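Counting starts at 1 for both ligands and their atoms, in listed order. All values derive from a computational prediction rather than experimental measurement. Side chains are part of it too, since the values below use all heavy atoms of this structure and drop only hydrogens, waters and symmetry mates.
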Amino acid sequence: MFTTRTARAGLAATAALTVGGLLLAGVTSEAGAAGTGLKTLAEAKNIYFGTALTQSNLSNSTLTAVAGAQFDMVTPGNEMKWDTTEPSNGTYNFGPGDQIVSFAQSHSMRIRGHNLVWHSQLPSWVSSLPSNQVQAAMEAHITTEATHYKGKLYAWDVVNEPFDDSGNLRTDAFYNAMGSGYIADALRTAHAADPNAKLYLNDYNIEGQNAKSDAMYQLVSQLKAQGVPIDGIGLESHFIVGQVPSSMRANMQRFAALGLDVAITELDDRMQTPASNANLAQQATDYAAVVANCLAVPRCVGVSQWGVGDADSWIPGAFPGQGAATMYDNNYQPKPAYNSTATALGGSTTTTPPPPPSSTCKVTDTVNAWNTGLTESITITNTGSSAISGWSLAFTLAGGQAITSAWNATIAPSTGAVTAKNVNYNGSVAPGASVSFGFQASHTGDTSTPGDFTLNGTRCA
Ligand code: 9MR
């Protein structure tokens with residue numbers, strides 16, 4: 001099983017390397033570096049972790065810094081769609097898409113082309129064509145765009161969202177002109193233009209097993225049986241918190257069993273805003289579950305989030321009152337879902353351990369307590385190799401303890417986190433030497449001694 005994905009990843013890497021000799025160095029050094037971020041964790045598992053980027057995103061340096069550091073796959077959010085690339089019949093505009101490609105290449109990221117044929121973001125001239133001209137227009141569009149980007153893309157979403165919410169093929173311009181055969185025709189045309197790009201059908205609400213994913217399964221079964229070039233299925237994965245389908249993994253496995261790659265192409269997980277902590281925690285659980293599903297299915301090639309952070313997500317615009325759907329907040333700070341994703345990818349999110357005790361000081365303390373009071377005697381030993389000239393020892397008293405008097409030191413404040421400082425006659429401590437001081441305190445039952453001591457800013461053993 002593992003071999004399958006390793007092989008897939010290898011093929012994918014080859015595709016990236018053929019983008020140009022320029023990329024070779026970048027990809028190699030990236031893979032070799034002990035980097036951080038989701039992409040590094042994902043690559044160690046032979047998958048990618050991607051994001052969508054739009055042209056306007058590229059002028060936000062905070063966003064692009066996160067994108068470049070965390071993700072190794074880019075899907076253009078809008079820039080390769082028909083309304084941008086061929087706004088009028090035979091007039092092509094690849095400038096915006098080229099900018100995304102350029103950003104991706106300069107950051108050693110691969111690219112999922114999105115998309116060639118879609119009922120939406122389709123210029124009106126296409127749907128206004130006489131139906132006997134639609135096939136030629138579609139084939140010309142696919143051929144011209146896929147040829148323009150030939151060799152630069154890892155994959156193409158050749159047909160996007162072909163099904164309606166009930167699982168019937170949408171009766172769009174393409175279906176109306178050609179029937180269901182437009183899909184095979186689109187795939188064949190794309191394959192002829194860019195034989196090395198992985199060719200996908202991509203849709204939403206096909207993540208779990210349901211009528212719509214059943215319809216997609218039937219369609220791709222037939223396409224495979226007919227020898228139509230199709231390589232993968234994109235599961236968009238626009239989720240609502242707490243609603244990742246329990247059948248998602250089994251659903252992915254059945255597509256994989258047809259000999260297809262599966263990709264999570266547009267992951268986000270929306271909630272009411274402002275986000276509650278409970279929903280952010282559920283979102284973390286959801287993201288981890290999606291990543292785990294991908295890792296569990298050898299033919300799952302990667303996960304892409306739709307956008308970098310909540311500030312650039314499409315959700316608030318499309319679902320008023322909802323948002324917070326990504327791993328990064330409005331300031332591009334990681335959210336709980338980022339940590340759960342990193343953990344699911346095999347990373348560690350344990351907090352930085354405290355520095356090991358210094359070898360330059362050692363503290364012992366003894367306490368003598370009675371029902372309402374205590375005395376404590378503290379000895380500092382200079383275990384370092386240089387003399388201490390003036391000392392300041394910080395420690396925290398147990399709750400309820402209040403210092404009433406001190407000797408051989410001045411201590412302030414009287415409760416909580418306190419600092420004891422030398423008096424004029426005991427500030428110098430030679431290597432190997434010790435100095436002692438003490439205090440009397442009242443207490444309310446907790447007579448424990450401080451756990452940590454910090455001498456002149458350094459923790460002591
Ligand atoms: O993110 C895209 C957004 O900027 C556009 O306004 C929107 C128009 O439909 O399309 C968004 O991306 C869609 C993607 O292309 C296909 N799946 C659903 C995505 C969200 O609508």
- In ligand 1, which numbered atoms sit nearer than 4.0 Å to a non-hydrogen atom of His238? 18 (C), 19 (C)

- Could you find the nearest protein heavy atom to atom 8 (C) of ligand 1 and give me its residue, atom name and distance? Gln121 OE1, 3.1 Å

- Identify, for atom 14 (C) of ligand 1, the protein heavy atom at the shortest distance, and state residue, atom and that distance. His114 NE2, 3.4 Å

- Just heavy atoms, cut-off under 4.0 Å: does Asn78 contact ligand 1 by side chain, backbone, both, or neither? side chain

- Item | Interatomic distance, Glu161 atom CD to Tyr204 atom OH [nearest 0.5 angstrom] | 5.5 Å

- Message: I want to know whether Trp82 and His119 have ring centres closer than 6.0 Å.
- Response: no

- Note on the structure: Here the atoms of ligand 1 under 4.0 Å from any heavy atom belonging to Lys81 are 2 (C), 10 (O), 11 (C), 12 (O), 13 (C), 14 (C), 15 (O)

- Message: Between ligand 1 and Trp118, is the shortest N or O to N or O distance under 3.5 Å?
- Response: no

- Item | is_close_aromatic(His238, Trp314), centroid dist under 6.0 Å | yes

- Item | Nearest non-hydrogen protein atom, atom 19 (C) of ligand 1 | Glu266 OE1, 3.3 Å

- Note on the structure: shortest atom 1 (O) of ligand 1-to-protein heavy-atom contact is with Trp306 NE1, 2.8 Å

- Compute the shortest N/O to N/O distance between Asn160 and ligand 1 and return yes if it is under 3.5 Å, no if not. no

- Task: Please find out if less than 6.0 Å separates the ring center of Trp118 from that of Tyr182.
- Result: no

- Could you pull out the closest heavy-atom pair between Val297 and Val262, with the gap in Å? CG1-CG2, 4.2 Å

- Message: Please give me the minimum heavy-atom distance between Met252 and Ile264, naming the atom from each residue.
- Response: CE-CD1, 3.9 Å

- Message: Could you tell me, atom by atom, which parts of ligand 1 come under 4.0 Å of a heavy atom of Glu161?
- Response: 16 (C), 17 (N), 18 (C)

- Item | Ring centres under 6.0 angstrom apart (Phe71, Tyr48) | no

- Message: Counting only heavy atoms closer than 4.0 Å, does ligand 1 sit against the backbone of Tyr204, its side chain, both, or neither?
- Response: neither

- Parallel, tilted or perpendicular, as decided by the 30° and 60° cut-offs, for the rings of Tyr332 and Tyr328: tilted

